[in-house]
Amino acid sequence: MRAERYNFAAAEPKWRKTWEEAQVFEAGAASKKPKYYVLEMFPYPSGRIHMGHVRNYSMGDVIARFRRAKGYDVLHPMGWDAFGLPAENAAMQGKRHPAEWTYANIEAMKAQLKSLGLSLDWSREIATCDAEYYGRQQQLFLDFLRAGIVDRKSSKVNWDPVDHTVLANEQVIDGRGWRSGALVEQRELTQWFFKITNYAEELLEGLDTLDRWPEKVRLMQRNWIGRSEGLLLRFALAAPLGEAREIEVFTTRPDTLFGAKFVAIAADHPLAKQAAADSPKLAAFVEECRHIGTSVAAIETAEKKGFDTGLRALHPFDASWTLPVYVANFVLMDYGTGAIFGCPAHDQRDLDFSKAYKLGATQVIRPEGVDPDDFIVLSYLELVEAFDGDGRLINSRFLDGLTVAEAKEEVAARLEKTDLFGAPQGKRKVNYKLRDWGVSRQRYWGCPIPIIHCESCGPVPVPAKDLPVKLPQDVSFDQPGNPLDRHPAWKNVSCPTCGKPARRETDTMDTFVDSSWYYARFTDPHNAGEPASKDALARWLPVDQYIGGIEHAILHLLYSRFFARAMRDAGYGLVAEPFQGLFTQGMVVHETYKGPDGWVSPAEVRIEAGEGGRRAFLISDGSEISIGDVEKMSKSKKNTVDPDDIIQSYGADTARLFVLSDSPPDRDVIWSDEGAQGAWRFVQRLWRLTGELGRVAAPAGTPTPADIGERARKLRQVTHRAIAAVTENIEGLRFNSAIARIREFANELSAAVDEVTEAGVAEGGVVEDLAFAFREAAETLVLLVAPMTPHVAEECWADLGGAGLVARAPWPVADPTLVVQDLIS
RNA sequence: GCGGGCGUGGCGGAACUGGUAGACGCGCCGGAUUUAGGUUCCGGUGACGAAAGUCGUGGGGGUUCGAGUCCCUUCGCCCGCACCA
């Protein structure tokens, strides 16, 4: 007896068990098929999944199921980005060991993810905190070291005083630590670096090949790499200061050299420090510059300030022409050489500075087709905007009349031939904003850097046979800092080379290292001898479709792109671009509620809708509260919805359907209970409609009747047009449109059933051709909706008497002759 | 400042290379069913109009037989980067 309502609570676990037992989702079973690798950014095991995860993984699952149906061998794995600070913080507060905390969270989240019915290959599960994983990462580190991609150098680092660790430049936002929010201090430390700058050009060029990435992300990376072509140029000092007799600057505008009015150096520039030694006032100014914040507000409001060092620089083309040397607050030590020459007429900052210190300005470039009288100013104080466009050179001696490009070339060519202190005075240089990636972190819960420091031999790699260097379990978190540093038994070892007493490197790797190669590990997740076999990498990489949040547009994605190249150069034969297609999904947002005592969670709120609009009331006492803006789900605003609650009351299919419908996947989707109910109704409707269709459809396996009548042909057209449209929409990742089209198809089928029922054809069996068309329509509906709502699809499929599992059924193919529109004049 | 995205009913949003604007859903209105429903089913729903019809894709202009879509111009919102020489 067919149940009137679809019972998700019984059906969902049943089908998940069936899939698992049949190992439907394990990759590599049929390697003759073409491969398709779909990957969603793996989660941090915080303990609970949130709606963002549901959305992210539902999208990936639609793609995985769709591709599987299209005949691909699909790799769709899942794992855990399991190292990181929260585990240590939890350890400090809750007295639980980070490992215990992390693995418990993984278990809890895994159960939640499983309840969503995702078509994941769990046999490939990895956690970055497993020695099985991080041991291979240590191997990679040593491979990179051998390949010259790892460096150890003393450098100024960003020190987070709250988290007691070093941060990469990418992890400093507005001068504050990205996690702690603490003001970052500068410290001089010896650190391990990955030489990502060696790959700057390649990483930049590679962006052009990524035509399935969002333009926005490619641009963000391009800006981050920050390539600029220019000239390194040395100014001789009129009189030496101690040993120093020159200043080197970097410029992208050597053409404006005859418009130079001053040279400016950063407050941290060695020359500034030297000059400050003899001048208390200059020293005070240098100190002041240090304290100016680098926040957005500070930069916008900061005046251009400077201080004359008293030094004078000689113009490269005219030794009788001296330029004052200023320390200036707008010159950055960590870009270029930390020194510039200022051309006020053609650079806004230089103009502001020049006006403040009365340094003058000479216009040396005039746009073409402009009346000189309209362009040339009598006094530079009349200049409001520096002209940085194209034109021809004026007031520039031998450069006069040349274009900007020609003048750049001319100046570079001349200065490359000019000698200054035994070397060419100028040198063409491509400069990048990108810095080397400092990976040392003074934390416990991370991948140990596999190095032993020996007084005689220096830093010695841990021999391959001793990998993995495992984290010790017996550590304490009763004081700040790195517990590894306070663990003598672990720390003190003998040197692998000379056998003398030595100590282990106690720093661990930045957790971004862990996530920079996990996509590669998934191809061969349990390989105990190497990160992954060449065969496995060759079989599966690159990832065909990667899905995740825009927040990783720079860090994670750039590091991963770097790692793929580094692994290639270390002999793993990886392809350069790890992610062929990238999709950045929008957030799940929810309206907020505020009562007299602050934010109220949706679970405590009852919504009443009427002609006066929607109103919110507290369930507890019935008092009315206000409805606020729709915002990103967050604990602070209490506007979160727990996926578990939704799955409990509506089932996984409903949750999946809703996060995929309504909004385009790259935009935010507003979660609302009304919307969830809409999805719920459709899941129920699928079941009901399948029953109705089953009543008028031919039995499974009925061959196409020779004679197709008009009514049947119309129905087949409806079916095949739906196939074509839904297929196209899923391929284009327009899941919202795909679902809309499926609902439309369902509406059309309802109408068709009504029609035949009214016409009386249904009772006692419809005619053969129509019964066949209904059979086709019913199966098609189930097949099309299966990637989104896989459980109910299986239930309907079984009810229709379909062969095998929907999860294994091939995707329907649209008949072109049925898809073409009838001509309308 | 530089860059990216967007502007369509009460709301989220459809509309392929120009071809019936508003698919699909939410909400709302009406009806039905039920011992019982915040969760079921059916119908209606851009605006104005009694109707025929007219007007409608941020504003203005243009190309075209035909424009949400193409061109010019203008207004507004969101996001990212930012003293990078």
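These numbers come from a predicted model, not from an experiment.
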[M] and [N], which share atom name [atom1], separated by this distance in whole Å:
| N | M | atom1 | answer |
| --- | --- | --- | --- |
| B:U54 | B:C70 | P | 27 Å |
| B:G4 | B:C71 | P | 15 Å |
| B:G25 | B:U40 | P | 14 Å |

Distance check needed: [N] [atom2] versus [X] [atom1], whole Å only.
| X | N | atom1 | atom2 | value |
| --- | --- | --- | --- | --- |
| A:Phe735 | B:G12 | CZ | P | 22 Å |
| A:Leu332 | B:A85 | CG | P | 10 Å |
| A:Arg681 | B:G38 | CZ | P | 14 Å |
| A:Leu219 | B:G3 | CG | C1' | 6 Å |
| A:Glu728 | B:A23 | CD | P | 20 Å |
| A:Arg234 | B:A85 | CZ | P | 22 Å |
| A:Met788 | B:G25 | CE | P | 15 Å |
| A:Ile627 | B:C11 | CD1 | P | 16 Å |

Pairing of [X] and [Y] as salt bridge, 4.0 angstrom limit:
| X | Y | result |
| --- | --- | --- |
| A:Arg227 | A:Glu201 | yes |
| A:Glu215 | A:Arg218 | yes |
| A:Glu748 | A:Lys714 | no |

Between B:C24 and A:Asn747, is there an OP1 or OP2 to side-chain N/O distance shorter than 4.0 Å? yes

Can you tell me if A:Asn223 touches the phosphate of B:C2, counting only side-chain N or O atoms and a distance under 4.0 Å to OP1 or OP2? no

Can you find a heavy atom in the side chain of A:Thr251 that is under 4.5 Å from one in the side chain of A:Phe341? yes

Strand partner of [N], provided both Watson-Crick or wobble distances fall under 3.5 Å:
| N | value |
| --- | --- |
| B:G27 | B:U45 |
| B:C6 | B:G76 |
| B:G22 | none |
| B:U40 | B:A32 |
| B:U57 | none |

What do you reckon, are the aromatic ring centroids of A:Phe353 and A:Tyr326 less than 6.0 Å apart? yes

Contact class for A:Ser661 (heavy atom, under 4.0 Å): base, sugar-phosphate, or nothing? nothing

Neighbour count above 12 (heavy atom, 6.0 Å) for A:Glu248 CD: yes

Give a yes or no on whether a donor-acceptor pair under 3.5 Å exists between the nucleobase atoms of B:G5, that is its base, and the side chain of A:Asp666. no

Assuming nearest nucleotide by heavy-atom distance, tell me which of A:Arg349 and A:Glu215 is located more 5' along RNA chain B. A:Glu215

